[in-house]
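All figures in this text were calculated on a predicted structure; none of them were measured in a lab.
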Amino acid sequence: MSWRAVAEKDFRDAIRSRWLWALSGLFVLLFSTPGILRFYFGVGDVEGQEAEAAGGIVVLFIHMMKEMTALLVPIIAIVIAYAALTRERETGTMKLLLSLPHDRYEVVFGKLLGRSAVIAIPILVGFAVCGLFLLPAATGFAVGRYVGFAVLTALLGVVFVGISVGISAAANSQRQAMVGTVGTYVGFLAVWNPLTGELAEQSVDLVGSSERSRYLIELFLTLLNPMEAYKTLADSLVFESALQARQAAFGFFLFPDPAAIEALGDDLPIVFTDPFVVVYLLLWLVVPITIGMYVFERRDL
Amino acid sequence: MAAIELNGVEKSFGDVRALRGVDLTVEEGEVFGFLGPNGAGKSTTINVLLDFVRADSGTARVLGRDAHHDSVAVRERTGVLPEGFGVYSRLSAREHVEFAIDSKETDQNPEQLLERVGLGDAVDRNAGGFSTGMKQRLALAMALVGDPELLVLDEPSSGLDPNGARELREIVREEADDGTTVFFSSHILGQVEAVCDRVGIIRDGELVAVDSIDGLRDTVGSGSTLVVEVESLPDDAVDAVIALEGVDGVTADGNTLRVSCSDDAKTAVIGALEDGGAAVADFETKESSLEELFAAYTEER
């Protein structure tokens, strides 16, 4: 239970920095603004009926929010967690920490928990406060979907905390941890998708994939990107079926690529269902932390 | 059972051979002073004991357990004041000690521990504003948590004023009277001679001496230096002194002669000088200081 002492200490230390409070404020502001603009001031209003048909105000909210949360939550998680272990090594507090009977695995795990709380709590607080704003304007307040989206967003934060803590554990210096985490973010944001498109394209030339295979390969590789996995899972909360959500991964905003819809057909293999996408997302939580633990366990302080 | 047992421990950092085969046994209940100039390998040795760094070869056992494989078990029963550590600047002194108490799963009163190290009036202050001496005291309080069987103190006096150093020695004595083994490193001999049963001297990664202070004195040479003022100094007289039994060395500087010799040989030295035609005007005996002793071991000979 040594990780518990580490997690508690870490969280206690982190909240003193006022980060938690500033972040909670930021998330409340962020989540509430589109809701308030849309529902109280009628910005970008659509007919009420259309909204209700799609599951009400929550669906619109998720649609509006997910692009922004997919960008913001990961970078904030990185800021919170990239220094989790490197900072302790550079300020010498790691010596104080490891003078006590803590296993190095438990130190990394405790850090993961502590920093996860620092991102997840403000996200959940932000959603709770925003929910209070939305309720009065609700024509069809789908609580289940709303809570689902809140939990999913918190999970995205935790996944990026995991990636960052893993990199921090493996890095030799604060600088390396920063370059590693920010590089990973930019990779997911700007490099991954063009690359997967290119790879799928190449598969056609190299092994003569069919048009359907080409799209399936591209979809599969896209879903391995945690930011894309998050967005498509959010779409699953919006759309009637996982298929529609996956189709939305192609194309722009609300307008899917007709060629993709055509090629994907009506029935997707099981590896594209929601539970599998959740697993892909969770892999990003487990794998970097495991590698980070492995490297950290074997190094000299 | 020995509290600390090192056998042929070697450790290199890149091209630097920090430890070149260290063999050392510290018995249970002993207060052991670990001496050496900065950079001689003191901290590396301690870091191997605590599993902060891993030896390239050789074995290290602490309290009967392997220092690497059973490190958590070792640290459960050991209190450590590390060298070059940092404190959590946003946590109070009390929270630091509470963290140590949680980590060691004991049930102690943080205030009493802080009182004991002289931080009774700073219990709820943030450690970020502490002076080096106060940080040192705080880490000592954390080291005392759980009534450890072994105390490892790496350069504990650094940053302490003379009063603080005296209080530290008192605590070391109290713990030793309780049966605690104390392993105490320093680059200043004066800090260890008053409290230590035995000392070990390390130089360039090798132990060059392990003995009691008295034992070291005997090893270095005779106990004293005879300083003789003569009115004239014929060469024959010097040769006659050198030839005497119990005389280790003679240096002449003008009419002053410094003879290092055993206590028994003093009368013979004066006699030989008189016989050789050097009229003795005055003489005095100086006990060789421990600082000279230490220098004799740590400087290149």
Distance in Å, B:N47 CG paired with A:L301 CG, rounded so as to fall on 0.5 Å steps: 7.5 Å

Got a sec: does the CZ of B:R116 have more than 12 other heavy atoms crowding it under 6.0 Å? yes

Distance (rounded to the nearest 0.5 Å) between A:E88 CD and B:Y88 OH: 3.5 Å

Donor-acceptor check, side chain of B:R90 to backbone of A:R16, threshold 3.5 angstrom: yes or no? no

Return the OG to CG distance between B:S89 and A:D13, rounded to the nearest 0.5 Å. 6.5 Å

Side-chain donor or acceptor of B:K104 paired with backbone N/O of A:L100 under 3.5 Å: no

Does a sphere of radius 6.0 Å around CZ in B:F130 hold more than 12 heavy atoms from other residues, nucleotides or ligands, not counting ones at 6.0 Å or beyond? yes

Should we say atom CE of B:M134 is surrounded by more than 12 heavy atoms from elsewhere, each under 6.0 Å from it? yes

Quick check against the 3.5 Å criterion: does B:R75 have a side-chain atom that pairs as donor or acceptor with the backbone of A:S99? no

Atom pair CZ/CZ of A:R104 and B:F52 - distance to nearest 0.5 Å: 8.0 Å

Whatever's closer than 4.5 Å to a heavy atom in chain B on A:E90 counts as neither

Does a side-chain N-to-carboxylate-O contact under 4.0 Å join B:D102 and A:K9? no

Could you tell me whether B:D178 atom CG has more than 12 heavy atoms of other residues or ligands within 6.0 Å of it? yes

Distance from A:E106 atom CD to B:S103 atom OG, nearest 0.5 Å? 10.0 Å

Taking all non-hydrogen atoms of both residues into account, name the closest pair between A:L96 and B:A139 and its distance. CD1-CB, 4.1 Å

One option among B:R54, B:R77, B:E98, B:E76 has the most heavy-atom pairs under 4.5 Å with chain A, and it is B:R54

Region of B:K135 that comes under 4.5 Å of a non-hydrogen atom in chain A: neither

Can you establish whether the number of heavy atoms outside A:R175 located under 6.0 Å from its atom CZ is more than 12? no

